[in-house]
Asks: 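Handing you a structure now.
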Amino acid sequence: MHIVLDLHDGVVTATRIEGDGATGDAAQLDLTALVEFVAEREAAERPRWVWANTRQWYPRLLAAGVRVERCVDLTLCHRILRRSALTAESALARGPESAWDVASSALIEPVPAQSPALFDVEVPATTAGLDPVREFEAQLAAVSSAEQPGRIRLLLAAESAGALIAEEIRFTGLPWRADVHDRVLTQALGPRPAPERHPAKLDELATRIRELLDAPALNPDSQPELLAALRRVGLDVASTRKWELRELQHPVIAPLLEYKNLYRLYTANGWAWLDAWVHEGRFRPDYVVGGVVTGRWATSGGGALQLPKNVRQAVVADPGWKLVVADAAQLEPRVLTGLAHDRAMADAGRGRDLYDSIVAAQVVPSRPHAKVAMLGAMYGATTGDSARLMPRLRRAFPQAIALVDHAAEEGERGDRVMSRLGRTSPPPSAGWRAVQQRASEPGATSSDERRARSQARDWGRFTRNFVVQASAAEWALCWMAETRLRLAALNGRSLSGAPHLVYFLHDEVMIHTPEQFAPQVERVLHDAARAAGELLFGTFPVDFPLTVATVDTYADAK
DNA sequence: ACTGTGTGCGCG
DNA sequence: AAAGCGCGCACACAGT
């Protein structure tokens with residue numbers, strides 16, 4: 001059972017779509033009656049709510065204390081279906097661009113500044129005038145035209161569940177102790193400086209750097225100035241990157257590296273960040289579901305996916321509550337195992353650290369070697385240790401390596417590749433095709449050919465990684481969705497008084513929970529991981545072990 | 001005063 | 001030693 005919601009001039013139309021796809025009754029209701037209507041239907045039949053976009057509808061329901069179990073986010077689903085190779089022959093994919101495509105791209109555009117009132121979201125202009133009932137019918141038709149509709153159907157469900165989760169996380173926020181954060185900053189940088197001033201510690205370091213480089217006017221934030229000053233004292237550097245500086249012997253290196261480190265903390269996660277992003281003890285990440293080509297989430301403002309290790313101390317559970325932090329161990333290689341049905345790799349990963357097993361099997365000499373070799377296989381390394389270890393990895397796990405090699409070949413040819421559930425890589429750009437074309441024409445110069453070859457390899461590395469990263473993102477979505485449903489079953493449907501998701505980071509989730517529920521939450525996470533593995537890979541025996549920690553602060557999770 | 005690009009660094 | 005994937009963000013700087 002589905003109920004499609006549409007909004008025109010303050011009037012909501014709720015249209016029932018029966019299980020067989022037949023359009024049923026359409027009720028009209030006032031916007032103020034919406035919350036009660038949704039709550040009542042949710043309790044009675046738990047329909048799948050169908051709407052143009054989750055950000056437009058769900059915050060107002062959450063603010064009124066109403067959660068829904070399932071939805072279809074038409075805008076997110078539209079984007080997947082338009083591009084997926086599984087639905088390429090459908091009318092929806094073959095038709096011309098529509099307002100839904102405009103709405104899709106608007107979703108991943110940066111939102112202007114701060115939204116003033118968090119839960120008073122205006123209807124975005126981009127979805128006004130769209131017909132969600134017709135779009136939903138077109139999407140159903142596209143799905144049923146697929147050869148294996150189960151895969152794409154699961155992907156759409158998972159993506160939509162992600163949209164609900166992102167809104168719920170924004171609603172509850174991540175517990176954040178501004179006082180702890182301030183203490184971290186003060187210890188590192190000195191007291192908070194007056195407006196327009198730099199922290200005392202940074203000023204001191206800058207002065208020392210100027211003295212040691214004999215450059216009284218140097219601005220250490222200026223890369224060209226700094227590079228020139230380093231060369232003037234005889235340091236042969238090509239850049240001012242820290243890993244290049246680290247190798248040098250000179251009295252200025254230590255204070256310079258410290259300056260860079262503190263400057264980064266100050267500018268990216270300093271007092272200004274705290275003022276902008278933390279209110280009433282909560283940081284509200286602005287997740288962009290499906291914001292990355294591979295289906296990974298992105299963020300817009302606040303940098304929720306780049307929280308540096310040293311400020312994670314500020315993430316502290318409320319009194320009487322705990323944080324349960326879980327991450328999937330070696331997620332991407334394990335996903336590759338499932339994609340390739342590589343039995344040897346599945347055996348190596350069973351019940352233990354995958355990299356340790358690779359060492360035990362004498363494929364490589366040490367765990368760091370195993371890790372770098374595996375990452376190199378998935379990223380397409382061409383030089384260094386990583387590339388040199390590839391033949392040994394290929395001998396040990398021929399099926400897994402063949403899968404990524406094949407994905408790279410497809411990309412080099414300009415073909416598209418697909419994740420486990422059907423998310424499909426974008427085609428290469430017109431410029432890319434033109435370069436390839438030119439190199440194949442008579443009269444092509446060797447430089448044309450070199451350029452084409454190098455560009456083809458670049459795109460091949462992208463498609464090589466796409467199949468793994470996109471499938472891993474699907475596993476993570478399924479894991480989160482399964483976790484969310486099980487948490488709701490654990491303690492009713494309220495968000496604020498019960499265990500709930502507060503953070504997500506590609507292969508890691510965090511749940512804020514009353515202390516007494518922590519053991520159950522840990523079990524839920526493990527069960528959900530198992531369920532996610534089965535959803536993606538059926539009975540193929542690949543394990544997805546988790547590292548789980550129940551802690552008071554995020555900094556203690558690793 | 002604005003916008004786009006390059007550099008560097010944080011995360012997975 | 002910093003190669004090989006995907007990002008966001010802040011700053012300096014050069015272009016308009």
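Predicted model, so just to flag it, every value in this text is computed and none were measured. Residue numbers begin at 1 in each chain, while the letters A, B, ... track the order of the sequences.
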Asks: Could you check which nucleotide pairs with dT7(B) in any of the strands shown, counting Watson-Crick or G-U wobble with both distances under 3.5 Å?
Replies: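 dA10(C) is the nucleotide pairing with dT7(B).
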Asks: Which of these nucleotides, dG8(C), dG4(C), dC11(C), is closest to any side-chain atom of Thr382(A)?
Replies: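 That would be dG4(C).
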Asks: Does the dC9(B) base have a donor-acceptor partner in the side chain of Arg264(A) within less than 3.5 Å?
Replies: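 Side chain to base: pair present.
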Asks: Mind checking if Ser386(A) touches a base, just sugar-phosphate, or nothing, with heavy atoms under 4.0 Å?
Replies: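 It contacts base atoms.
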Asks: With a 4.0 Å limit, can you tell me whether Lys242(A) has a side-chain N or O closer than that to the phosphate oxygens OP1/OP2 of dG10(B)?
Replies: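 Result: yes.
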Asks: When the distance from CG of Asp327(A) to P of dG12(B) is rounded to whole Å, what number comes out?
Replies: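 Spelled out: CG on Asp327(A) to P on dG12(B) is 9 Å.
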Asks: Would one find more than 12 heavy atoms of other residues, nucleotides or ligands at under 6.0 Å from atom CG of Asp214(A)?
Replies: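 Result for CG/Asp214(A): open.
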Asks: Answer yes or no: does a side-chain N or O of Thr240(A) lie under 4.0 Å from OP1 or OP2 of dG8(B)?
Replies: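 Answer is yes, contact under 4.0 Å.
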Asks: Should the pair Arg464(A)-Glu409(A) be classified as a salt bridge under the 4.0 Å nitrogen-to-oxygen rule?
Replies: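 Salt bridge: no.
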Asks: Hey, is CG on Asp179(A) packed in by over 12 heavy atoms from elsewhere, all under 6.0 Å?
Replies: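 Enclosed.
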Asks: Given atom CD of Glu244(A) and atom C1' of dC9(B), what is their separation to the nearest angstrom?
Replies: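 It is 15 Å, rounded to the nearest whole Å.
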Asks: Give a yes/no answer on whether the side chain of Arg461(A) brings an N or O atom under 4.0 Å of OP1 or OP2 in dC5(C).
Replies: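 Yes, because at least one side-chain N or O of Arg461(A) sits under 4.0 Å from OP1 or OP2 of dC5(C).
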Asks: Distance check needed: dT5(B) C1' versus Gln223(A) CD, whole Å only.
Replies: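 Rounded to whole Å, this separation is 13 Å.
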Asks: Starting at OH of Tyr287(A) and ending at P of dC7(C), how long is that distance when rounded to a whole Å?
Replies: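 Taking atom P of dC7(C) as the reference, OH of Tyr287(A) is at 17 Å.
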Asks: Please give the distance between the C1' atoms of dT7(B) and dA2(C) as a whole number of Å.
Replies: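 Per the computed distance, 16 Å lies between those C1' atoms.
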Asks: Do we count Trp243(A) as stacking onto dA2(C) if the rule is ring centres under 5.5 Å and planes under 30°?
Replies: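 Check passed, Trp243(A) stacks on base of dA2(C).
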Asks: Think Ser222(A) has a side-chain N or O under 4.0 angstrom from the OP1 or OP2 of dC11(C)?
Replies: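 Indeed not, no polar side-chain atom of Ser222(A) lies that close.
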Asks: Salt bridge or not for Lys201(A) and Glu204(A), using N-O below 4.0 Å?
Replies: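 A salt bridge is absent here (no side-chain N lies under 4.0 Å from a carboxylate O).
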Asks: Taking dG12(B) as the reference, what is the distance to dG4(C) when you measure between their P atoms (whole Å, please)?
Replies: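 These two P atoms come out 22 Å apart once rounded.
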Asks: Does the side chain of Lys260(A) get closer than 4.0 angstrom to OP1 or OP2 of dC9(B) through an N or O atom?
Replies: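 Answer yes for this pair, as a side-chain N or O of Lys260(A) is under 4.0 Å from OP1 or OP2.
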Asks: Within the structure, does a side-chain N or O atom of Arg241(A) lie under 4.0 Å from either OP1 or OP2 of dG8(B)?
Replies: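 Indeed, a polar side-chain atom of Arg241(A) lies that close.
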